[in-house]
Amino acid sequence: MMIPDLSTAEPKELAPVLLAAIQRLGQLGRTAAVEVAALVDDQDADFEEAASWIADIAAGELRD
């Protein structure tokens with residue numbers, strides 16, 4: 001998937017890309033997290049929403 005395609009990606013297309021990116025972020029650790037944090041605006045409601053969903057997933061609270 002190309003970056004321009006992210007704005008129109010459907011959940012089934014986006015989920016594996018997001019999972020791979022999150023796993024890679026975990027492998028790279030704090031340095032990578034700091035890079036992401038530098039891109040996030042403090043008032044980014046979409047990011048806050050996504051972070052909440054990811055926290056739910058990580059806690060095992062979101063299963064189909």
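Numbering of residues begins at 1 and proceeds along the displayed sequence.
Among residues two or more places apart in sequence or in another chain, the side chain to side chain contact (heavy atoms under 4.5 Å, CB included) test is passed with Asp41 by Gln43, Asp44. For Glu49, the side chain to side chain donor-acceptor pair (under 3.5 Å) criterion is met by Trp53, not counting sequence neighbours.
Residue Val36 belongs to a hydrophobic cluster whose other members are Leu25, Val40, Phe47, with links defined by side-chain heavy atoms closer than 4.5 Å.
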Please list every donor-acceptor pair under 3.5 Å in which a side-chain atom of residues 8-24 meets a protein atom from a residue at least two apart or in another chain.
residue	atom	partner	partner atom	Å
Thr8	OG1	Asp5	O	3.4
Glu13	OE1	Glu10	N	2.7
Arg24	NH1	Gln27	OE1	3.0

